[in-house]
Amino acid sequence: MTIREIFYRACVRLRDAGIETPVLDAGVLLAAVLHTDRAGLIIAGERTVSEEAQGAYTRALERRLGGECVAYIVGRKEFWGLDFTVTPDVLVPRPDTETLVEAALSHRATHRISGANGEILDLCTGSGSVAIALKHERPTSRVAASDISPAALAVARQNALRLLGDAEAIHLIESDLFNKIDGQFDLITANPPYVPSALIASLAPEVRGEPLLALDGGNDGLDLIRRIVSGAKPHLKPGGVLLMEADSGEMDAITRLLLAEGYEQPRLYYDAAGKARVIGTWQANE
Ligand code: GLN
């Protein structure tokens with residue numbers, strides 16, 4: 001069979017099984033099996049696919065049909081234009097989370113992390129996506145990243161090595177939020193788990209295959225966010241910026257938490273779908 005034929009059959013198979021993005025998924029999986037990209041598939045459309053590659057593609061499709069997400073099957077996910085390694089030990093980086101990187105590179109946060117002495121901490125780093133994107137954009141700043149999961153930190157380390165050319169480019173710290181964190185930062189970012197526990201069961205099967213630790217935010221989704229809000233102050237330099245990803249429905253409650261702790265009136269940042277996705281504030285008395 002040719003690439004075009006095998007691809008077409010896979011699209012139909014995924015579509016008939018109710019997969020939401022059959023063409024995209026069939027293409028990404030086939031490109032990974034054939035070590036090319038989706039444009040490469042089109043260019044080589046009439047080429048014959050070896051038996052071995054056909055077998056590998058069938059196995060990949062079966063995993064997809066079994067509810068696994070494409071990123072875990074191919075072991076990669078693009079975020080901020082960088083190609084991250086992902087495993088089931090980490091949340092798959094979402095396009096929405098690019099809002100967190102954008103917010104960190106904007107206005108008040110910018111000048112703090114642009115100089116040679118900018119210091120950044122990324123909590124709940126997972127694959128390291130936010131920390132690595134920021135280090136990529138601001139190579140002179142010092143970036144620390146923490147996670148409670150040693151398995152996630154191992155993935156973040158691989159990503160730092162592959163994408164920044166140095167496994168030590170990010171200072172990785174195994175820590176339950178601020179427990180093992182010393183020092184003060186110009187910017188603290190976090191994409192903590194924020195899904196209310198009761199909603200976890202209703203998430204798409206792809207999402208339920210991701211680490212619960214990275215998703216489950218407790219009863220109201222705010223368990224970790226509450227701890228970040230109450231723990232961040234001693235770790236922010238005067239004027240230091242705190243940016244957190246959360247669900248748009250949680251922003252009012254988080255605003256109240258931040259104001260009660262004496263932070264400045266928070267600002268919201270919107271994702272591509274127009275939903276409030278990141279909330280940011282700063283430590284007063286700059
Ligand atoms: N945005 C993710 C989802 O809804 C949640 C990520 C998180 O809890 N940090 O699947």
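Everything quoted here is computed from the prediction, not taken from an experiment. Whatever order the structure lists ligands and atoms in, that order sets their numbers, starting from 1.
Leu215 counts as a contact of ligand 1, since one of its heavy atoms falls under 4.0 Å from the ligand.
Residue contacts with ligand 1 for Ala214 involve N, CA, C or O but no side-chain atom from C-beta outward (heavy atoms, distance under 4.0 Å).
At least one N or O atom of Tyr194, backbone or side chain, sits closer than 3.5 Å to an N or O atom of ligand 1. Between Val207 and ligand 1, not a single N/O pair is under 3.5 Å apart.
Given atom 10 (O) of ligand 1, the protein heavy atom at minimum distance is Arg94 NH2, 2.9 Å.
Among Asn191, Val195, Asp247, the residue whose heavy atom lies nearest to atom 4 (O) of ligand 1 is Val195.
Within the cation-pi definition used here (under 6.0 Å to the ring centroid, within 45° of the axis), Lys233 qualifies as a partner of Tyr263.
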request  = Take Phe185 and Val241 through the side-chain contact (heavy atoms from CB on, under 4.5 Å) test and state the conclusion after the steps.
outcome  = CA-CA 8 Å; Phe185 302 86; Val241 174; over 6 Å; no

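Thr125 and Asp147 share no donor-acceptor pair across their side chains, judged by distance under 3.5 Å alone. Using modelled atom types and a 3.5 Å distance limit, the side chains of Arg76 and Thr85 yield a donor-acceptor pair. A donor and an acceptor atom, one from each side chain of Thr21 and Asp25, are located under 3.5 Å apart.
At a threshold of 4.5 Å between side-chain heavy atoms, the hydrophobic network of Ile, Leu, Val, Met, Phe, Trp and Tyr places Ile225 and Ile200 in two separate groups.
For ligand 1, the atoms sitting less than 4.0 Å from at least one non-hydrogen atom of Pro192 are 7 (C), 8 (O), 9 (N), numbered in the order shown with element in parentheses.
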